[in-house]
Amino acid sequence: MADASLPSGAADLHLHTTFSDGKDTPAELIRRAHALGISAVAVTDHDTLEGLEEAAAAADIAGIELVPGIEFSAHYNLLEVHILGLWVDRRAVALNRLVDEYAAAREERARKMVQRLQKMTIKVDFELVRQKAGNGVIGRPHLAQVLVDIGAVSSFPEAFKRFLGRHAPAYVPKLNLKPEQAIAAIHQAGGLAVLAHGLAGGLGGEHVVALVEMGLDAVEVVHPKFTDADQEWLVNLAEQRGLGQTGGSDWHGEGWSEGKMGDFLVPPPCFQELRERARLKPFAADQQA
Ligand code: AMP
Ligand code: FE
Ligand code: FE
Ligand code: ZN
């Protein structure tokens, strides 16, 4: 049953599926959003567009608006920053090229992480990690799951703390993508480029401003990691610079998420403004595949 307390037109514009590190398949994710009474969702898997076709079909059936999206990890000032693309054309050539490059780099990285673990006498098999990722892009959560399965650790937090975390011994960084490259690929695909969870994860206000000046169209002002002060600062920035205001739950699945789907919504007027902003976006030269 839809939750009658949610305003019609409310949107959750940051969600993950099994095609990256989420627990729900795209169809399950859409059904969950529908049951909660959410009107529009953006599927924003890490560095992949693979889940969008299934999500679009499920959204049609459920009568939900799907915003096709992606969440790129980029490097800036020795920090990992996440840039969302919203309303991207999933057939755009430059975007697909970047996504293919990213997937290959993630495979290579996962192999290196497995090798590091093996050198530490942890018996991990790359093929098991590959299987965990299924059709999706391979990432550290899949490695963490295998470490739990083989009994090398007893939990995800332990896997990250001892082996996979940013400062742990088996960590290998991802593709060295610049924020400008992510923004350009998103723009060529007709999408809005958005700073995800800015101010969270070590990013200071001056970094957020520098990233905005690289050509972002909007910033997240709603995210489970934000304090009230973060939110206020970001809303102010958006108003001063004429940026769109977006956000969402960053849902990764039951028990895998800080934020619950339905609890972090973009209000209808903000969502409509974003949609209009995307519609008016000048079409950057690109060919569809
Ligand atoms: P990757 O993109 O392969 O670097 O993996 C990043 C993902 O790992 C994040 O999106 C989280 O889902 C997960 N993750 C990162 N740090 C932790 C942690 N300390 N505990 C549990 N999961 C984590
Ligand atoms: Fe994630
Ligand atoms: Fe993120
Ligand atoms: Zn995310």
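Indexing begins at 1, ligand by ligand and atom by atom, following the structure's order. Values below: all heavy atoms of this structure, side chains included; hydrogens, waters and symmetry mates excluded. All figures in this text were calculated on a predicted structure; none of them were measured in a lab.
- Within the coordination shell of the Fe ion (ligand 2), defined by N, O or S atoms under 2.8 Å, Asp21 is present.
- At least one heavy atom of Pro141 sits less than 4.0 Å from an atom of ligand 1.
- His252 lies close to the Fe ion (ligand 2), since one of its N, O or S atoms is found at a distance under 2.8 Å.
- As for His16, its N/O/S atom nearest the Zn ion (ligand 4) is the one called NE2.
- Closest heavy-atom approach to atom 2 (O) of ligand 1 among the candidates Arg140, Glu80, Lys174: Lys174.
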**Message:** What verdict does the side-chain contact (heavy atoms from CB on, under 4.5 Å) test give for Leu66 and Val41, after you've listed the backbone C-alpha separation in whole Å, the side-chain angles of each residue and the deciding distance to 0.1 Å?
**Reply:** CA-CA 5 Å; Leu66 174 76; Val41 293; 4.1 Å; yes
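- Numbered from 1 in the order shown, with element, the atoms of ligand 1 that lie under 4.0 Å from a heavy atom of Gly139 read 3 (O).
- Atoms of ligand 1 lying under 4.0 Å from at least one heavy atom of His46, given by number and element, are 10 (O).
- The Zn ion (ligand 4) has no N, O or S atom of His82 under 2.8 Å away, backbone or side chain.
- Between Lys132 and Asp149 there is a salt bridge, since at least one side-chain N of the basic residue sits less than 4.0 Å from a carboxylate O of the acidic one.
- Scanning all protein heavy atoms for the shortest distance to atom 18 (C) of ligand 1 gives Phe160 CG, 3.3 Å.
- Atom numbering of ligand 1 starts at 1 in the shown order; those under 4.0 Å from a heavy atom of Asp21 are 7 (C), 9 (C), 10 (O), 11 (C), 12 (O).
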**Intermediate values then yes/no, side-chain contact (heavy atoms from CB on, under 4.5 Å), Phe19 and Leu52** = CA-CA 9 Å; Phe19 283 89; Leu52 294 177; over 6 Å; no
**Asked** Do Val148 and Ser155 pass the side-chain contact (heavy atoms from CB on, under 4.5 Å) test, and can you show the C-alpha distance, the side-chain angles, and the key distance before you say yes or no?
**Response** CA-CA 6 Å; Val148 170; Ser155 68; 5.6 Å; no
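- Not one N, O or S atom of His252 sits under 2.8 Å from the Zn ion (ligand 4).
- The nearest N/O/S atom of Asp250 to the Zn ion (ligand 4) is OD1.
- At least one N or O atom of Arg106, backbone or side chain, sits closer than 3.5 Å to an N or O atom of ligand 1.
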**Prompt:** Step by step, would you call Ile138 with Phe126 a side-chain contact (heavy atoms from CB on, under 4.5 Å)?
**Reply:** CA-CA 11 Å; Ile138 200 161; Phe126 176 76; 4.0 Å; yes
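- Note on Glu71: its N/O/S atom closest to the Zn ion (ligand 4) is OE1.
- Checked by atom type, the side-chain pair Asn236/Glu232 shows no donor-acceptor distance below 3.5 Å.
- For Arg109, the heavy-atom gap to ligand 1 drops under 4.0 angstrom.
- A salt bridge links Arg279 to Glu276: at least one charged side-chain nitrogen sits closer than 4.0 Å to a carboxylate oxygen.
- In summary, Arg91 and Glu53 do not engage in a salt bridge, as defined by a charged side-chain N under 4.0 Å from a carboxylate O.
- The pair Asp217-Lys281 meets the salt-bridge criterion, with a side-chain N (NZ, NE, NH1 or NH2) lying under 4.0 Å from an Asp/Glu carboxylate O.
- We find that Arg32 and Glu28 are not joined by a salt bridge, their nearest charged nitrogen and carboxylate oxygen being 4.0 Å or further apart.
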